[in-house]
Engineer: 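Take this structure first; my questions come after.
Since this is a predicted model, take the numbers as computed values, not measurements.
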Amino acid sequence: MSIRLAKSAGFCFGVNRAVEMVYRLLEEGKQVYTLGPIIHNPQLVGELSGRGVQIVSEPEEVPAGGTLVIRSHGVPQQVMDRAKNCGIDCADATCPFVAKIHKIVREASVEGKVVLVAGDAHHPEVEGILGHCNTRYYVFKNRDELKEINYNHPELFNLPVCVVSQTTFNGLEWENCLEIIEKVYTNDSIFGTICNATAQRQAEAVALARTSDLMIVIGGRQSSNTAKLQEVCSPYCRTFLIETAAELRPLLHESGIVLSDANVGITAGASTPASIIKEVLVTMTEIIEGAVQNSTEVTESSFAEMLEESLKSFNTDDKVHGVVVGITPNEVQVEVGRKQAGFIPVSELSADPNVKPEDVVKIGDEMDLLIMRTNDQEGTIMLSKKRYDSIKGWEAVAAAEESQEVLTGVVTEVIKGGVIAVTNGIRVFIPASQATASRGDSLDELLKKEVQFRIIEVNRSRRRAVGSIRSVLKDLRKAQAEKFWETAEEGKEYTGVVKSLTAYGAFVDLGGIDGMIHISELSWTRVKHPSEVVNVGDTVKVYIKGLDREKGKISLGYKRSEDNPWNILEREYPAGTICDVTVVGMTTFGAFARIIPGIDGLIHISQIADHRIEKPQDVLKVGDVVKVKITEIDFEKKRVSLSIRAAAEEEKADTVEEEASEE
């Protein structure tokens, strides 16, 4: 007699991701609506309903302010478009494996290919896939239905086709269908889209069923992958599907099966929480214990071993001390003083999902670990450093909420709605509204950065924490502002960063306090908008032009006196200078010409030519470069007079003088 639990029983990645997303949204105070049940498990759906999660069938049913969660099955593109058009806040929990199929069929549609989908046409996942097809498509759930499609549509044999499958499609049936497709279709593109976790789950279930007298499949009766587990196990032994442990005793009683005489295999669908699996195991061992008391074939010691074996997969409280003996890209090997070889998967090494093992540990390091799963058949024991650190770190994080201690962590992820920072091995969610000093600041700039934050909310039952970087930044800026006002005085220079632009100027962060450069102070030349001179993020040197301590306002200067074009003119272009200028404007009485940037001079109509002209346009046009003589400068009125005639006459006189000297 034995009880064996499949290694991959329970939540798959996609389902776990969707459920976690709902829990996170609830913790953020959102009113959550799911488009259909979030998973095919009535017990978990009931629990979420008790917490206020409501199920809707259409996006339009979500009221203003609600958040709609798209479950892991995915939805047709038109459903996403409808949600967007309604202005609904939408959280997309579509499994990445399903999203990949959506992308494949969209691209195939663009290329004009016919799409063949292996799966259940009425399953939400397949309905979602078909909703991304913009060309002909056909669905088949077995080789017989595929043959029927081929019989009714022989024209498909020579057309380009794209073949995909539902992620939970039966692996053996898929192989059977591929044999037909590869024989009759001459232009096919086949994509193996059965989820690896599904394939592994089914393979493990079959392996258990082959050597068992009884298979128990745990999961929702509406779950496609759970039904397929029952389907693949049934040919090898008696197989029962149950949703909860409460169904186990009546089922065994009616079937007449004596557990003490049976080798039992247990697996669970992707939508089955670990708590339900463990409850089934405990109930089963209680039933066996009653049978053992009346049996002479099974000793108490063998029963104890069987009970330990059945529950060890869910015993996450055992702690061990280990020494690192090997490091690979995917795991860390650890010696823990047991007969099994200990290993830490990279996903269980650190709360940072992007961490590399060699950056965290080295050979010979000692550490405390939690036992995650023991596999005596393979002689291995899976361990977790992340979860051990989490237990220790959680106490520190929970205490920090009361003490308002400032914690230090590293931002490991930027997600929808905020960022995740890791401190003491604990993931802390920091909402976008609390992640930066200003709401418009980019969250991406925080990625991989060390940050300081306070804990503002703790959910002890789920070990979740919410933090605020802004709280710390606010205190820091307040201290910096106080220091600034202590030393600030007119004329003092600072280096700051341009924080924002308006039509009338630029705001500069001086380090804890902002000052403004009026648009007139940005350049000696006239500008229409501050962006012509500076941009957000630029580092600039400024000086204080004025202070209003009562209102806390600071006026800044940016342009320098040495760059004043009138000073340059006085220094480099005194009256009498002959230079080249560019015509920039025309009037009835003359033409304006640019001497240097910021200074234009007037060429009066009488000074344009050596003969009378009716209008300046008879000789000049905008853009012409002409030689002039600066005849007069009025620095007080900021006026400059220019003359083409005087420049020509002086040039002619110089030529005559040179010729005379040569004679």
Side-chain angles (χ1 to χ4, degrees), residues 3-23 34 36-51 53 55 69 71-73 93 95 97-98 123-125 166-170 194-209 212 214-234 239-252 264-285 310-316 372-373 462:
I3 297 176
R4 293 171 297 160
L5 176 68
K7 188 176 181 181
S8 59
F11 275 179
C12 70
F13 163 75
V15 171
N16 188 62
R17 176 173 172 267
V19 172
E20 289 292 314
M21 187 177 293
V22 172
Y23 278 126
T34 62
I38 190 66
I39 63 172
H40 291 307
N41 182 272
Q43 290 73 38
L44 183 58
V45 170
E47 178 199 333
L48 293 175
S49 176
R51 296 187 61 177
V53 177
I55 299 173
V69 177
R71 56 186 176 173
S72 59
H73 293 316
C95 173
F97 294 109
V98 176
H123 190 278
E125 180 186 319
Q166 185 177 342
T167 56
T168 55
F169 196 69
N170 185 304
I194 296 178
C195 175
N196 291 336
T198 297
Q200 181 182 359
R201 190 188 308 273
Q202 291 177 6
E204 287 181 4
V206 168
L208 269 179
S212 298
L214 171 67
M215 278 295 295
I216 300 295
V217 179
I218 312 168
R221 289 187 170 81
Q222 302 303 313
S223 169
S224 172
N225 73 83
T226 301
K228 284 184 173 63
L229 286 174
Q230 183 182 24
E231 179 185 327
V232 299
C233 292
S234 294
T239 303
F240 297 112
L241 190 155
I242 63 174
E243 287 190 347
T244 66
E247 300 176 34
L248 194 56
R249 292 179 188 273
L251 181 66
L252 294 175
V264 182
I266 300 176
T267 187
S271 299
T272 309
S275 59
I276 292 180
I277 301 173
K278 187 170 184 178
E279 186 180 0
V280 169
L281 285 169
V282 171
T283 301
M284 185 171 287
T285 52
S310 65
L311 289 177
K312 65 174 58 176
S313 296
F314 289 95
N315 186 359
T316 59
M372 296 295 296
R373 192 183 299 273
R462 289 188 57 80

Engineer: Out of curiosity, L241 CG to C233 SG, how far, rounded to the nearest 0.5 Å?
Structural biologist: 10.0 Å
Engineer: Taking all heavy atoms of A93 and all of V69, pick out the closest pair and write down the distance.
Structural biologist: CB-CG1, 4.2 Å
Engineer: Could you check V45 against T34 for side-chain contact (heavy atoms from CB on, under 4.5 Å), going step by step and ending with a plain yes or no?
Structural biologist: CA-CA 10 Å; V45 170; T34 62; over 6 Å; no
Engineer: Considering non-hydrogen atoms only, spot the tightest contact between I277 and A268 and give its length.
Structural biologist: CD1-CB, 3.6 Å
Engineer: Could you state the interatomic distance from OG (S49) to CG (L44), rounded to the nearest 0.5 Å?
Structural biologist: 11.0 Å
Engineer: Using 0.5 Å steps for rounding, measure from the CD1 atom of I216 to the CG atom of L208.
Structural biologist: 12.0 Å
Engineer: Quick check for you: to the nearest 0.5 Å, what is the distance between I39 atom CD1 and L48 atom CG?
Structural biologist: 7.5 Å
Engineer: Within the structure provided, determine whether I38 and V53 are in side-chain contact (heavy-atom separation under 4.5 Å).
Structural biologist: no
Engineer: Please confirm whether the backbone N or O of P37 pairs with a side-chain atom of R71, one donor and one acceptor, at under 3.5 Å?
Structural biologist: yes
Engineer: Assess whether side-chain contact (heavy atoms from CB on, under 4.5 Å) is satisfied between F240 and L214, documenting all intermediate values.
Structural biologist: CA-CA 8 Å; F240 297 112; L214 171 67; 3.4 Å; yes
Engineer: Let me see the working for L251 and I242 under side-chain contact (heavy atoms from CB on, under 4.5 Å), right down to the final yes or no.
Structural biologist: CA-CA 9 Å; L251 181 66; I242 63 174; 3.7 Å; yes
Engineer: Of the non-hydrogen atoms in V15 and S72, which two are nearest, and what is the gap between them?
Structural biologist: CG2-OG, 4.3 Å
Engineer: Begin with the C-alpha distance, continue with both residues' side-chain angles, and end with the deciding distance and a verdict on side-chain contact (heavy atoms from CB on, under 4.5 Å) for V98 and H73.
Structural biologist: CA-CA 7 Å; V98 176; H73 293 316; over 6 Å; no
Engineer: If you compare all heavy atoms of M215 against all heavy atoms of T267, which two are closest, and at what distance to 0.1 Å?
Structural biologist: CE-CG2, 4.0 Å
Engineer: Roughly how far, to the nearest 0.5 Å, is OG1 of T168 from CD1 of I194?
Structural biologist: 8.5 Å
Engineer: Do S212 and R4 have a side chain donor and acceptor closer than 3.5 Å?
Structural biologist: yes
Engineer: Could you pull out the closest heavy-atom pair between F169 and Q202, with the gap in Å?
Structural biologist: O-NE2, 4.0 Å
Engineer: Report the distance from atom CZ of F97 to atom CD of E125, rounding to the nearest 0.5 Å.
Structural biologist: 11.5 Å
Engineer: Can you give me the closest heavy-atom contact between P42 and E243, atom names plus distance?
Structural biologist: CG-OE1, 3.4 Å
Engineer: Check the surroundings of atom CD in E47: do more than 12 heavy atoms from other residues, nucleotides or ligands lie under 6.0 Å from it?
Structural biologist: yes
Engineer: Of all residues at least two apart in sequence or in a different chain, which pass the side-chain contact (heavy atoms from CB on, under 4.5 Å) check with T244?
Structural biologist: Q43, A246, E247
